[in-house]
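Here the structure comes first, spelled out in structure tokens, and everything after it is commentary.
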Amino acid sequence: MDVYLPIAEVSVNAPLLIGLGMVVGFISGLFGIGGGFLMAPVLVFMGIPPAVAVASQANHVVASSASSVFAYGRKRAVDFRMGAVLAAGGAVGSLIGVEIFRMLRLMGQGDLVVSLSYLIFLGVIGGLMLTESLGSLLRRRRGEPPEVVKDRRPAWLYGLPLKMKFPRSRLYISVIPPVLIGVFVGILSAVMGVGGGFVLVPAMVYLLRMPAGVVVGTSLFQIIITTSLVTILQAGRNQTVDLMLATLLLFGGVIGAQLGARASARFRAEELRVVLAVIVLLVGLQMGLGVFVTPADPFVLAPGMGG
Amino acid sequence: MVFDLPAPPVAVASVSAALTTTKVEVTSDYHGQKIVLYGAVFNLTDRPADVVVVVRGPDQPVRIARKVQVTGLWLNSRPVVFQGAPGFYTVASSRPLSEIADYGTLRRLAIGVDHLAFNTPADGVVETRFGVKDLVVSRLGSDYLDYRRAVVRIKHAAGLYDQNERGVTYVDKGLFRAEIDLPTSAPIGRYQAEIHLFQEGREVQVRQRPLEVRKVGIERTIYLFAHQRPWAYGFLAVLLAIGSGYGASVIFRRS
């Protein structure tokens, strides 16, 4: 059953889109990431123009993240204050990122920067997560005691001014690190067209040392704010949000996210992280290696005008 | 003797044609459409006549970049903009165009994908070359043809440009038909079907038939909303997303 998308101006299989939304929503609810880094490449592969794919899937990310944040919020697993601080940085970052991306596109280097940032960020984060989580998984298998986690938080978290209390995360730290993380994630999300959860989750765990219980919910809460902003900016400035596409995706997405949030309770954190690391690495390699492969056609249409 | 000769023919060969569809409506189950053109050639001379059907869509500027390898990475070179490239272009004839008319005629009439009159005005420089004055030469120099061919190749692969030497078929003596395949990606807007009649390499007549591709129903509503009130559209999209997220979480909590 194919359906014509009014903004993308292509016709695609509707059940396939709902299914895709559901799978990505499930992964989103399970890991606390937006899932944009998975969705955008698949949509482009299906023939949807990249600008429309990126803008419309941001709206899907809003829906699936909202669906799980309501679930996590009831379990008191969202640090709204931390999320708001991160999102404030994220808003600034995404405005900067949109400008950077616009210039890069005019220079014709949009594709390259997207591919390289996928390769670098997903590769590095996936690699780090994989070694770390495999290591702790193996130690448990061998019956060794888990590595003693240095509970001492780095001094720089405390040495900076503008301290703020984050009761849910049991933190009393400067707002500068979270704001900077937010700015960085905001730039990334504008350039790569993703919510940035795959950067945010490790940053909250390893840099801010937030308790694992609130990381996923807080990450999703921050993602809702930035992706809502991205959706409105994209719709207002570029008219690239396809409501038909977004509706199909989010119909599957909200259901998938609920199932994912439920399933997350049944798995061990390390096992989940191994799976997420493998997914992140694979997508990063798949997207990034294109830059090294000799293209079949040396000419490409550069987006950015008309179609 | 001289007076026995008939008066020189003025326009004794003529063509008329009609499209079976003049409005293509893009709805949610739109899959592209096949459009049939029927026409008749009235040829009172004993010279053979050829029909060439050209369908042009609205112009869409094209930005194209060439990938170049720099230290192992494939990078895009600076994109080149082609103005005046039609968003859809197809030529149908009953034999190869080169047999119907010569290069200069085809080029002047912009018939055939190789003769499409699109250029790169921003990059053009006027100079004298081969003794011809005021010749517009592209910044790309001899690469220009490569870029041009690439535009045609990419558009052809997308089903947007086509040239079919068997596209015009004769159903009966003088009665012909041509089929035009509009792919889903064909742009929205006003199209023009041109029916050219050639005799001995010269164009003797051209007829034009308009064709409109437009969105209707919910597709049109969404499209207009997105373009006329873009900010409200964006807010609505976000509200819809958060609302459905909330809805799903409520439903799943109960179940």
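Every heavy atom of this structure was used, including side-chain atoms; hydrogens, water molecules and symmetry mates were not. Sequence lines set the chain letters: A, B, ... in the order given, protein chains first and strands last, and positions in each chain run from 1.
Here the straight-line distance linking atom OH of Tyr38(B) with atom CG of Leu19(B) works out to 12.5 Å at 0.5 Å rounding.
With Tyr30(B) contributing its side chain and Val3(A) its backbone, the two residues share no donor-acceptor pair below 3.5 Å.
Arg153(B) touches chain A through its side chain: at least one heavy atom from C-beta onward sits under 4.5 Å away, while N, CA, C and O do not. Interface residue Thr27(B): only backbone heavy atoms are found under 4.5 Å from chain A. Residue Val26(B) touches chain A through its side chain alone, counting heavy-atom pairs closer than 4.5 Å. For a residue to count as touching a neighbouring chain, one of its non-hydrogen atoms must lie under 4.5 Å from one of that chain's; by this rule Ile242(B) touches chain A with backbone and side chain alike. Looking at Thr247(A), the atoms closer than 4.5 Å to chain B (heavy atoms on both sides) all sit in the side chain, from C-beta outward. Interface remark: Leu250(A) contributes side-chain atoms only to the contact with chain B (heavy atom separation under 4.5 Å).
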*Would you check, one step at a time, whether the test salt bridge (Lys or Arg N to Asp or Glu O under 4.0 Å) holds for Glu179(B) with Arg177(B)?*
CA-CA 7 Å; Glu179(B) 279 181 4; Arg177(B) 86 194 278 273; 3.1 Å; yes
*Decide yes or no on salt bridge (Lys or Arg N to Asp or Glu O under 4.0 Å) for Arg56(B) and Glu194(B), but give the supporting numbers first.*
CA-CA 8 Å; Arg56(B) 271 184 87 103; Glu194(B) 291 168 1; 5.9 Å; no
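No hydrogens or angles considered: nothing links the side chains of Glu165(B) and Ser93(B) as a donor-acceptor pair under 3.5 Å.
The choice from Leu5(A), Ile7(A), Val10(A) that makes the most heavy-atom pairs within less than 4.5 Å of chain B is Ile7(A). Looking only at heavy-atom pairs under 4.5 Å with chain A, the residue among Ala186(B), Gly234(B), Pro230(B), Ala226(B) that has the most is Pro230(B). Top candidate by heavy-atom pairs under 4.5 Å with chain B, chosen from Ala66(A), Ser11(A), Ser64(A), is Ser11(A). Options His227(B), Arg66(B), His31(B) differ in how many heavy-atom pairs under 4.5 Å they form with chain A, and the most are formed by Arg66(B).
Heavy atoms of other residues, nucleotides or ligands lying less than 6.0 angstrom from CZ of Phe80(A) number more than 12. Environment of OH in Tyr233(B): crowded, with over 12 heavy atoms of neighbouring residues, nucleotides or ligands closer than 6.0 Å.
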